[in-house]
Chemist: 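Structure incoming, see below.
Quick caveat, the model's predicted, so the values are computed rather than measured.
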Amino acid sequence: MFSKIRSLIFKIDPETAHNLAIKSLKLNLTPNFMNENKDDPMFKSTLFGKEIDNPFGMAAGFDKNAEVYNSLFKLGFGFVEVGTVTPLEQYGNPKPRVFRLVEDRALINRLGFNNLGAENISKRIRSNSNKGLLGINIGPNKDSRDRLNDYLIGLRTFHDIANYITINISSPNTENLRNFHDENKFSELMNSIQEEKVKLRSKIPIVVKISPDITEEQIGLISKVLLDYKVSAIIVSNTTSKNREKLNDILKHQKGGLSGKPLEEEANKLISKFYKLLKGKIEIIGVGGIDSGKSAHKKFLAGASYLQLYTGMVFQGPNIVGKIKKELKEILIADGVKNFKEIIGKKRAN
Ligand SMILES: Cc1cc2nc3c(=O)[nH]c(=O)nc-3n(C[C@H](O)[C@H](O)[C@H](O)COP(=O)(O)O)c2cc1C
């Protein structure tokens, strides 16, 4: 059904199309046939101590202002991450700022953390309790003089309403944000987060979302800090500023972060590297180019225990989670696998 209306949707500017998708989810206009069936028990899992029906989550950026998370659970997502939320409301970069690279099954975005701000979004979540596992992704305002403190404001605002909080240090669209990947700055940030948690007497699980554009050395140093501070999980990865050479679409040189298919392999390699270093002590949430059972299968083999997606839904529509579950189940059954957890990290070394 989505394939029929896709050509119409793709005539509309991507950000407008996204806003329409949010509106229709708000009004519950998306057909509910997708998730009539209960999830197969082979996909049951536990995330941060809470049971989830499946390990497929909606990635940050889709529901930036926490408007439709309960509708996303209805579509079949096992967990949803809203945000990125900054302390103060901000408009983001000038439009146009999202580009559809149809030939490459990819998007480039340079939104720049457009969102309604922590207070507004917190009120919204407090008045609409979540019917599934909800993560809140936090970041700093563009013009903030103290970015580290902005993360602490996010933590204070959301620690009692989220199931986990993601520290987003990896958007390419807020200048110099990725400096937090440097060892000293990263340790300082993790230390402050931990101290703030103690002050708040909070046990909220902390997740860190990283960039795919990091060096081998940074992978090692980041892993060490994650282990030192007993961070609950790492999300691998955000969009990439690289990988433009192999793209075909004429929009390939637009400035911003690239997501979707061209990110997939890069993200999978990075997941494998983190999996080796973290040795199962810290969960990996794999993101980047997931749009089928096969692509989900590859992410689990690389070492992810949970997955998230965004761009796949833009290209395949709201039925994508149902489709991934169906296809993955077929692959697992054909391989004699009874539960998806059996394949995590089982990729053979090349
Ligand atoms: C339009 C758009 C906006 C995004 N906004 C955010 C964001 O606010 N915060 C964040 O952590 N990631 C954001 N992302 C990154 C996604 O969460 C995800 O990490 C990335 O797109 C790779 O997954 P995908 O290939 O399935 O889209 C955004 C992605 C897109 C396409």
Chemist: Would you call Asp160 and Arg126 a salt bridge, using N to O less than 4.0 angstrom?
Modeler: yes

Chemist: With heavy-atom distances below 4.5 Å as the criterion, would you say the side chains of Leu247 and Asn243 are in contact?
Modeler: no

Chemist: Below 4.0 angstrom, N of the basic side chain to O of the carboxylate: do Asp213 and Arg178 qualify?
Modeler: yes

Chemist: State plainly whether the residues Lys185 and Glu188 are in salt-bridge range, i.e. N to O under 4.0 Å.
Modeler: no

Chemist: Is it true that Arg97 and Glu15 have a side-chain N and a carboxylate O under 4.0 angstrom from each other?
Modeler: yes

Chemist: For a salt bridge (charged side-chain N to carboxylate O under 4.0 Å, His left out) check, start with the C-alpha distance between Arg105 and Asp291, then their side-chain angles and the critical distance, and finish with the verdict.
Modeler: CA-CA 10 Å; Arg105 288 194 281 163; Asp291 64 352; 2.9 Å; yes

Chemist: So, are Lys44 and Asp39 salt-bridged, with charged N and O less than 4.0 Å apart?
Modeler: no

Chemist: Considering the options Phe77, Phe79, Phe43, which one meets the ring pair (Phe, Tyr, Trp, His ring centres under 6.0 Å) requirement together with Phe56?
Modeler: Phe43

Chemist: So, do Val85 and Ile136 sit near enough that their side-chain heavy atoms are less than 4.5 Å apart?
Modeler: yes

Chemist: Tell me whether Arg100 forms a cation-pi arrangement with Phe10, defined as NZ or CZ under 6.0 Å from the six-membered ring centre and within 45 degrees of its axis.
Modeler: yes

Chemist: Could you pull out all donor-acceptor pairs under 3.5 Å where a side-chain atom in residues 223-233 meets a protein atom, sequence neighbours excluded?
Modeler:
{"from": "Ser223", "atom 1": "OG", "to": "Ile219", "atom 2": "O", "distance (Å)": "2.8"}
{"from": "Lys224", "atom 1": "NZ", "to": "Asp228", "atom 2": "OD2", "distance (Å)": "3.1"}
{"from": "Tyr229", "atom 1": "OH", "to": "Asn191", "atom 2": "OD1", "distance (Å)": "3.4"}

Chemist: Quick test of your reading of the model: are Lys323 and Glu327 salt-bridged, counting only N-O distances below 4.0 Å?
Modeler: yes

Chemist: Find out whether Lys341 and Met42 are in side-chain contact, i.e. whether some heavy atom of one side chain is under 4.5 Å from a heavy atom of the other.
Modeler: no

